[in-house]
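Presented below is the structure to which this report refers.
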Protein chains: 2
Amino acid sequence: MSTASLVFSGRGPVSDATAARVRAAAQELAYAGPNPLASSLRQGRTGTVGVVVEGRLGDAFGDPFALTVLDGLARELDAIPAALLLLPREPGDDSRLLAQLGAAAVDAVVFALCGPRDDPAVDLLAGRGIPMIAAGAPVDPRVPQLLVAERAASAEVARLLVGLGHTRIGHITLPLAPRVPTGPVAPAQVALASYPDGAARALGVLDVAPDARVVQTTIADVASGEQAARLLLGVPAHERPTAIIAQSDVLAAGVLRVAADLGLRVPEDLSVTGFDGLDLPWVDVRLTTVVQDGQARGRALGAMVAAALSGASVRTTHFPTHLRLGETTGPPPTR
Amino acid sequence: MSTASLVFSGRGPVSDATAARVRAAAQELAYAGPNPLASSLRQGRTGTVGVVVEGRLGDAFGDPFALTVLDGLARELDAIPAALLLLPREPGDDSRLLAQLGAAAVDAVVFALCGPRDDPAVDLLAGRGIPMIAAGAPVDPRVPQLLVAERAASAEVARLLVGLGHTRIGHITLPLAPRVPTGPVAPAQVALASYPDGAARALGVLDVAPDARVVQTTIADVASGEQAARLLLGVPAHERPTAIIAQSDVLAAGVLRVAADLGLRVPEDLSVTGFDGLDLPWVDVRLTTVVQDGQARGRALGAMVAAALSGASVRTTHFPTHLRLGETTGPPPTR
DNA sequence: CTGTTAGCGCATTCAC
DNA sequence: GTGAATGCGCTAACAG
């Protein structure tokens, strides 16, 4: 009885009478519509797109920027239509993710957030012919990217501060590799980092301010920003940085809190910059930051997925950002 | 060649020589392992659990409490193992969700967060024999619940404030129904609400303080809390509430911000309470609030899912909360 | 221990 | 416009 299939999918030429008869029979047999699994197997489409998430969901999406990207992505996928399957990876342990990827039925996979430069998941998915889309990582010719000019944007921030006269600059990076502790990082280590986005932003700063003190965080949240800020600011006044460049607005929010706690005025005593351009209702100053539209970024990723699923060959694209001058940057204090 | 299946699933008794031979052949043919779809169809298991999310992902998980629940749930499901499929519902429009549910292959569905009391998705899923687990909503005999004594907990907060001598109490509720505007709500409307959790908390307050002014928010975030607080506090001083009970800590955070803005000291001029017991790094006072362990709640939901999938019959359970006295409550100002 | 057989539930042919 | 046959790719059950 293929007619039933036509009735439920609603795409065949079926007379109203027959349709009614089919529906009545379905009712009778308590048939709740086609089995999605069988339908997917037959059609080769699942209506599901995987999203790889580094670390715990609470950590990853505790950063409002990441959440906004996810939101935009979901919104765009909804139009395909496709639902989002969350595929968390324990940082530094790929085994669970690979098992999930081997067992999960997805039409495509998105690496929407920061992740390792080299990812064994790529081989697995490429082997299955599942299209992938990434935002910075993993780096692989088989994975088209939506790229941000991280290094250039970050360098622009550093240039702003150097131009204002700052010479002692602190930099707070996102994690450069899985499972790192919060703490200082030697500039030489930066180039070897496994996470490209943090590395690129740090390199941008070092391009312009090679003597910047770099402190790495474990995750992007306010508490980590505070911790890193205390490491940078908890030194004698004459070696204390007069400006801190944070790789994320939530990290910068932590810096602002520590500054207030230490009695440092922003920007008179300390300049602070962020990255992302978040609108945090609980931060009262307007942060100097690199604005990127997270929602639009997610949507752009979703559009790339849609294109890949429709069979188009998707190419690496660039996504715009711009520096926004806020109230948290100014010339260094005259001693 | 079922031997190949045994090799890949790793559960059959296969000699090493044969296993090697199979792997070699797989390599040769560029076979990337079993097709998850076919495997799922055969085994009747997908390794995927759906989570219904009300509203945009950004709105739903912008509340750290909701995110923590999701995190705990994901963590527990990971042990099954199962991955999370996000199933967003546009508030007030079930059609997309129902379509997704009809097309998505899931082993179970969790209603982890607030949602409508009556949900057409229940009929659909019950028809398919897919187990459901809920946390407050939907209310249906076919759906076992993990319940919080919302009304009692809320009443306890109100009793605390009344006991301190407050007579003019304001209450800020979560949305009581889809697509509501932020604004005052008549107590009579509360009992008719479509969202049970907000309704139960409001009823708890009204049980103890029947004259409380109730203001409803659109979503649980700081900005909505601020908006609601301005409605409650923006009246002549003699009719201004001396205490505000918020149904969530993020809403309470908004109240604290407005209080500071209006020059009201907390708790001398205004007592403020929340719900959830979040640890918000950017709120400096210790809020008086109803603590519930979101992570544990998510895990408990995950455990219920695991039980349901193992064929056990899952019963409705209760989840504990407790009132935590903080620094934001005290006697009302003596005029 | 290994190979063969059948069917999971559907959607797509193709005859009628 | 309708019904009957085939196979999507796998794995459980069996026979060797």
Side-chain angles (χ1 to χ4, degrees), chain A residues 1-48 81-82 99-108 124-130 309 311, chain B residues 1-48 81-82 99-108 124-131 309-311:
Chain A
M1 184 73 104
S2 73
T3 311
S5 177
L6 299 179
V7 171
F8 280 100
S9 70
R11 61 177 124 214
V14 183
S15 76
D16 287 357
T18 323
R21 205 151 55 81
V22 168
R23 289 188 196 288
Q27 189 88 36
E28 189 87 17
L29 301 168
Y31 177 77
N35 177 328
L37 230 38
S39 172
S40 297
L41 176 60
R42 187 60 236 257
Q43 308 198 113
R45 274 277 180 119
T46 67
T48 295
Q100 286 278 16
L101 283 175
V106 291
D107 292 335
L124 175 63
L125 293 167
R128 285 197 186 296
I130 294 178
L309 290 181
Chain B
M1 185 71 105
S2 75
T3 311
S5 178
L6 297 180
V7 172
F8 280 100
S9 71
R11 62 177 124 217
V14 183
S15 76
D16 287 358
T18 322
R21 205 151 53 81
V22 168
R23 289 188 195 288
Q27 188 85 38
E28 188 88 17
L29 301 168
Y31 177 76
N35 177 329
L37 230 36
S39 172
S40 298
L41 175 62
R42 187 59 234 252
Q43 309 199 115
R45 276 276 181 120
T46 67
T48 295
Q100 286 280 14
L101 283 175
V106 291
D107 294 333
L124 175 63
L125 293 167
R128 282 195 188 297
I130 295 177
L309 290 181
S310 75

Residue set satisfying side-chain contact (heavy atoms from CB on, under 4.5 Å) with Ala19(A), at least two apart, ordered chain then number -> Val7(A), Val14(A)
With sequence neighbours left out, the residues meeting side-chain hydrogen bond (donor to acceptor under 3.5 Å, both in side chains) with Thr46(A) are Asp107(A)
Taken to the nearest whole Å, CG/Leu6(B) to C1'/dT2(C) is 9 Å
Rounded to 10°, the angle between the first-five-pair and last-five-pair axes of the helix from dC1(C)-dG16(D) to dC16(C)-dG1(D) is 40°
By side-chain contact (heavy atoms from CB on, under 4.5 Å), Ile130(B) pairs with (sequence neighbours left out) Val106(B), Val109(B), Leu125(B), Arg128(B)
(request) Verify the contact: side-chain N or O of Thr3(B) to OP1 or OP2 of dG3(C), cut-off strictly under 4.0 Å; return yes or no. (result) yes
To the nearest angstrom, the CZ-P distance between Arg45(A) and dA11(C) comes to 15 Å
Scanning both residues in full, the closest heavy-atom pair of Pro131(B) with Leu309(B) reads CG-CD2, 4.2 Å
Return a table of donor-acceptor pairs under 3.5 angstrom between the side chains of residues 26-38 of chain A and protein atoms on other chains or two or more places apart.
residue, atom, partner, partner atom, Å
Tyr31(A), OH, Gly33(A), O, 3.4
Asn35(A), OD1, Leu37(A), N, 2.7
Asn35(A), OD1, Ala38(A), N, 3.4

When rounded to whole Å, the CD to C1' distance for the pair Gln43(B) and dA13(D) reads 14 Å
Can you give me the N/O atom pairs linking the protein to nucleotides 8-10 of chain C at distances under 3.5 Å, or say none if there are none?
residue, atom, partner, partner atom, Å
dC10(C), OP1, Tyr31(A), OH, 2.7
dC10(C), OP1, Asn35(A), N, 2.7

Taken to the nearest whole Å, CG/Leu37(B) to C1'/dA11(C) is 14 Å
